[in-house]
Amino acid sequence: MARIVMKFGGTSVADLDRIRNVAARVKREVDAGNQVAVVVSAMAGATNQLVGWCEALSPLFDAREYDAVVATGEQVTAGLLAIALQSIGIEARSWAGWQIAVDTDGQHGKARINGIEGEVLIERLSRGQVPVVAGFQGIGPDNRITTLGRGGSDTSAVALAAALKADRCDIYTDVDGIYTTDPRIVPKARKLAKITYEEMLELASVGAKVLQTRSVELAMKERVRVQVLSSFSDAPGTMVVDEDEIVEQEIVAGIAYSRDEAKVTVRRVPDKPGIAAAIFVPLAEANINVDMIVQNVSEDGTTDMTFTVGKTDLAKAQATLEAVRGAIGYAEFSTDKDVAKISVVGVGMRSHAGVAGTMFKTLADRGINIQVISTSEIKVSVLIAAEYTELAVRALHGAYDLDAQ
Ligand code: ADP
Ligand code: ASP
Ligand code: MG
């Protein structure tokens with residue numbers, strides 16, 4: 001007998017037939033003698049619609065009310081799945097984040113889980129009940145509903161698996177595992193039997209949406225065994241494992257892209273100590289994550305500063321920059337949403353030179369201009385015009401010999 005957390009994403013619960021399909025899969029695990037807790041996402045498209053409603057009323061909406069609105073998607077599916085399970089003879093009940101409780105910090109819209117009380121659910125599991133938990137949500141120190149950022153149900157599932165001391169956390173989605181790149185844009189992408197926590201963490205953080213970044217971070221820290229698999233087939237999935245469990249390590253594990261960032265260029269900033277702080281501290285105080293940063297060479301005592309922020313934070317970033325204009329004394333700033341970040345990831349980069357060179361040459365051969373570059377120990381990222389996203393990912397996939405035979 002094992003204790004399992006099963007998480008189902010939006011496409012897996014997109015309509016009532018799919019919810020019935022999920023119930024049947026849960027029943028299979030219960031019938032096999034396992035203790036099962038389920039985490040669900042909102043029905044596909046539901047969260048986008050809820051977010052759209054908030055933005056339509058006010059681009060600078062109150063994040064606490066945003067959370068009150070967008071958390072409802074998961075409550076619908078949790079209740080529906082509990083009903084579907086009961087209708088096939090499985091004792092089940094739904095749980096909202098605050099009922100368990102899933103304690104988070106107070107960063108509305110992108111809250112982090114501080115801890116989950118496992119005892120109540122463990123007691124239910126031992127009685128054979130299946131808890132169906134609404135993913136993506138928790139409760140903050142202000143006693144209000146929080147949400148965990150887009151894709152956050154993965155993190156709910158891993159956090160729950162840690163709190164319940166589950167043997168496994170199975171993430172069911174619309175692809176049958178983790179691939180060398182997004183199989184929807186590169187049909188030749190190869191499914192990986194295993195991937196290291198570190199590589200998955202880096203791939204997720206640069207845009208591979210198959211797992212939310214924070215969920216991988218948490219799985220790594222809490223030693224949760226995570227598996228990604230399809231809710232529509234019985235194909236074997238991908239296990240996220242420690243580096244020593246992988247026998248033959250490739251130099252490049254995978255390629256990811258993100259169209260979620262926007263580029264901001266602040267022009268003619270005085271080139272003197274304290275200026276970077278004068279720009280980035282207010283952005284941080286406004287809870288805006290800055291990703292790539294470049295500062296150009298200084299001419300005539302001024303410089304241009306280019307950086308990227310999440311598209312969803314762009315309006316807030318613009319407002320913040322306007323507010324500090326007097327203090328900084330820059331000439332103007334411009335923004336560009338038509339950009340994409342393409343990243344190559346692999347732990348093999350630590351010991352092999354030339355990965356960045358191959359990337360730059362491959363893009364140059366296709367006439368793709370690189371606007372910003374950033375690197376880490378196991379990653380190289382470039383910012384390019386969004387229209388070249390698919391071309392760039394496919395070309396790089398081939399260049400690193402990742403194409404399936
Ligand atoms: P869910 O709604 O189940 O959480 P997501 O849309 O969040 O599903 O994540 C699954 C999607 O992740 C896939 O449909 C695929 O397009 C995308 N994806 C991006 N990179 C990868 C990758 N390397 N391997 C597998 N899927 C990927
Ligand atoms: N429903 C939320 C979203 O669309 C959370 C999730 O699916 O993981 O972002
Ligand atoms: Mg997801």
Side-chain angles (χ1 to χ4, degrees), residues 6-14 18 22 39-52 66-67 69-78 97 109-111 133-138 146-160 170-195 199-216 226-232 235 237-238 240 252-260 310 312 342-346 389-390 393 396-397 402 404:
M6 301 172 79
K7 180 260 173 177
F8 295 91
T11 342
S12 308
V13 293
R18 290 189 178 178
V22 165
V39 173
V40 286
S41 291
M43 289 167 147
T47 309
N48 284 347
Q49 184 179 51
L50 296 167
V51 172
Y66 165 95
D67 279 349
V69 174
V70 301
T72 60
E74 272 69 13
Q75 277 159 232
V76 172
T77 41
K110 46 182 162 191
V133 177
F136 183 51
Q137 55 172 268
T146 52
T147 63
L148 310 178
R150 299 307 303 269
S153 297
D154 298 329
T155 305
S156 309
V158 172
L160 191 65
D170 291 343
I171 308 279
Y172 287 87
T173 182
D174 55 1
V175 288
D176 58 8
I178 299 165
Y179 283 71
T180 46
T181 192
D182 187 345
R184 297 198 187 286
I185 71 160
V186 181
K188 285 183 181 166
R190 211 164 9 97
K191 185 161 83 180
L192 302 164
K194 294 174 180 174
I195 186 167
E199 286 168 326
M200 190 58 235
L201 181 62
E202 199 85 41
L203 277 172
S205 75
V206 292
K209 298 213 157 107
V210 60
L211 288 175
Q212 198 200 31
T213 310
R214 178 77 186 121
S215 74
V216 189
V226 173
Q227 180 175 205
V228 174
L229 61 180
S230 167
S231 56
F232 305 111
T238 302
V240 187
V252 168
I255 296 168
Y257 64 93
S258 165
R259 297 193 184 100
D260 297 340
T312 51
I342 315 291
S343 307
V344 172
V345 171
T389 307
E390 299 188 2
V393 174
L396 292 168
H397 200 263
L402 295 173

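We're numbering straight along the sequence, starting at 1. Whatever order the structure lists ligands and atoms in, that order sets their numbers, starting from 1. Predicted model, so just to flag it, every value in this text is computed and none were measured.
- Nearest to atom 4 (O) of ligand 2 among the protein's heavy atoms is Arg150 NH2, 2.9 Å.
- Protein heavy atom in closest approach to atom 15 (C) of ligand 1: Asp182 OD1, 3.2 Å.
- Note that CD of Glu390 is 5.0 Å distant from CD1 of Ile185, once rounded to the nearest 0.5 Å.
- To the nearest 0.5 angstrom, Met6 atom CE is 11.0 Å from Ile171 atom CD1.
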| request: Start with the C-alpha gap between Val51 and Tyr66, add the side-chain angles, then the distance that decides, and say whether side chain to side chain contact (heavy atoms under 4.5 Å, CB included) holds. | output: CA-CA 7 Å; Val51 172; Tyr66 165 95; 3.6 Å; yes

| message | Show, in sequence, the C-alpha distance, side-chain angles and deciding distance for Gln75 and Gln137, and conclude whether the side chain to side chain contact (heavy atoms under 4.5 Å, CB included) test is met. | response | CA-CA 9 Å; Gln75 277 159 232; Gln137 55 172 268; 3.3 Å; yes

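- A distance of 10.0 Å separates OG1 of Thr213 from CG of Leu203, quoted to the nearest 0.5 Å.
- Counting heavy atoms from C-beta outward, Thr389 and Ile342 have side chains that approach closer than 4.5 Å.
- In Lys191, the NZ atom is crowded: over 12 heavy atoms of neighbouring residues, nucleotides or ligands sit closer than 6.0 Å.
- Where the criterion is an N or O separation shorter than 3.5 Å, residue side chain and backbone included, Thr180 fails it with respect to ligand 1.
- Heavy-atom separations between Glu74 and ligand 2 include at least one value shorter than 4.0 Å.
- With atom 22 (C) of ligand 1 as the reference point, the heavy atom nearest to it among Val175, Thr181, Asp154 is part of Thr181.
- The nearest non-hydrogen atom to atom 25 (C) of ligand 1, considering only Ala208, Ala189, Gly177, comes from Gly177.
- Using a 4.5 Å cut-off on side-chain heavy atoms (C-beta onward), Asp170 and Gln227 make contact.
- For the pair Asp260 and Lys209, the minimum side-chain heavy-atom distance is below 4.5 Å.
- Counting only non-hydrogen atoms, the option in Tyr179, Phe8, Tyr172 that gets closest to atom 23 (N) of ligand 1 is Tyr179.
- The nearest heavy-atom contact from the protein to atom 27 (C) of ligand 1 is Val210 CB, 3.7 Å.
- For Gly151, the heavy-atom gap to ligand 1 stays at 4.0 angstrom or more.
- Side-chain contact of Asp154 with Ser215: a donor-acceptor pair under 3.5 Å is absent, judged by distance alone.
- For Gly151, the heavy-atom gap to ligand 2 drops under 4.0 angstrom.
- Within ligand 1, the atoms closer than 4.0 Å to a non-hydrogen atom of Asp174 are 10 (C), 11 (C), 13 (C), 14 (O), numbered from 1 in the order shown.
- Contacts between Ser41 and ligand 2, counted as non-hydrogen atom pairs separated by less than 4.0 Å, involve the side chain only.
- Side-chain contact between Arg184 and Val175 is present, with at least one heavy-atom pair separated by less than 4.5 Å.
- Protein heavy atoms are found inside the 4.0 Å sphere centred on atom 4 (O) of ligand 1.
- Only the side chain of Pro183 comes within contact range of ligand 1, with a heavy atom under 4.0 Å; no backbone atom does.
- Looking at Arg190 against ligand 1, nothing comes within 4.0 Å, counting heavy atoms.
- Not a single heavy atom of Ala44 sits closer than 4.0 Å to an atom of ligand 1.
- In this structure, a donor-acceptor pair under 3.5 Å is absent between the side chains of Thr146 and Asp67.
- Within the 4.0 Å heavy-atom cutoff, Met200 does not count among the residues contacting ligand 1.
- For atom 7 (O) of ligand 1, the closest non-hydrogen atom on the protein side is Lys209 O, 3.4 Å.
- Gly73 does not count as a contact of ligand 2, since none of its heavy atoms falls under 4.0 Å from the ligand.
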